[in-house]
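FYI, the numbering just counts along the sequence from 1.
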Amino acid sequence: MSELTERRWSVMSERRCEVMSVTYEEAARLVRQLTGEDVRGLCVISDEAARRLVATQQPARGPHGG
C-alpha cells in the first residue's frame, strides 16, 4: 500500500489544523475547496508533524469535515 492512500495526512492553514487522518487525495481535495474559500497558508503534512503543531491551535475536523 502506498503511503498516499493511508489515512496519515493532515491539512494545515494559517488559522488551524483543518483535518487529520485522511488520505492524501482527500487532503488535496480539501486544499482545493479551502483555496476557493480564500483560506490562506494551506499545506498537506503528515499527521505526525500536525500533532506537533496542533497543541497551539484549534481542534481539527474529523475525516469527514465534521
Once side-chain hydrogen bond (donor to acceptor under 3.5 Å, both in side chains) is applied, do any residues pair with Arg40, and if so which ones, sequence neighbours excluded?
Asp38

Report the C-alpha distance between Met20 and Arg7 in whole Å, list the side-chain angles of each, state the deciding distance to 0.1 Å, and finish with yes or no for side chain to side chain contact (heavy atoms under 4.5 Å, CB included).
CA-CA 8 Å; Met20 291 182 80; Arg7 293 191 167 280; over 6 Å; no

Assess whether a salt bridge exists between Arg8 and Glu48, defined as any Lys/Arg side-chain N lying under 4.0 Å from an Asp/Glu carboxylate O.
no

For the residue pair Ser10 and Ser21, what are the closest heavy atoms and their distance?
OG-N, 4.2 Å

Identify the two heavy atoms, one from Ala27 and one from Trp9, that lie closest to each other, and give their separation to 0.1 Å.
CB-CB, 4.4 Å

Write down the atom of Leu34, the atom of Glu18, and the distance for their closest heavy-atom approach.
CD1-CG, 3.7 Å

Are Leu53 and Ile45 close enough that some pair of their side-chain heavy atoms sits under 4.5 Å apart?
yes

Between Thr5 and Tyr24, is any pair of side-chain heavy atoms under 4.5 Å apart?
no

Is Leu4 close to Thr23 at the side-chain level, that is, under 4.5 Å between some pair of heavy atoms?
no

Checking Arg51 now: which residues fulfil side-chain hydrogen bond (donor to acceptor under 3.5 Å, both in side chains) with it, not counting sequence neighbours?
none

With side chains defined as the heavy atoms from C-beta onward, is the minimum distance between Leu30 and Val22 less than 4.5 Å?
no

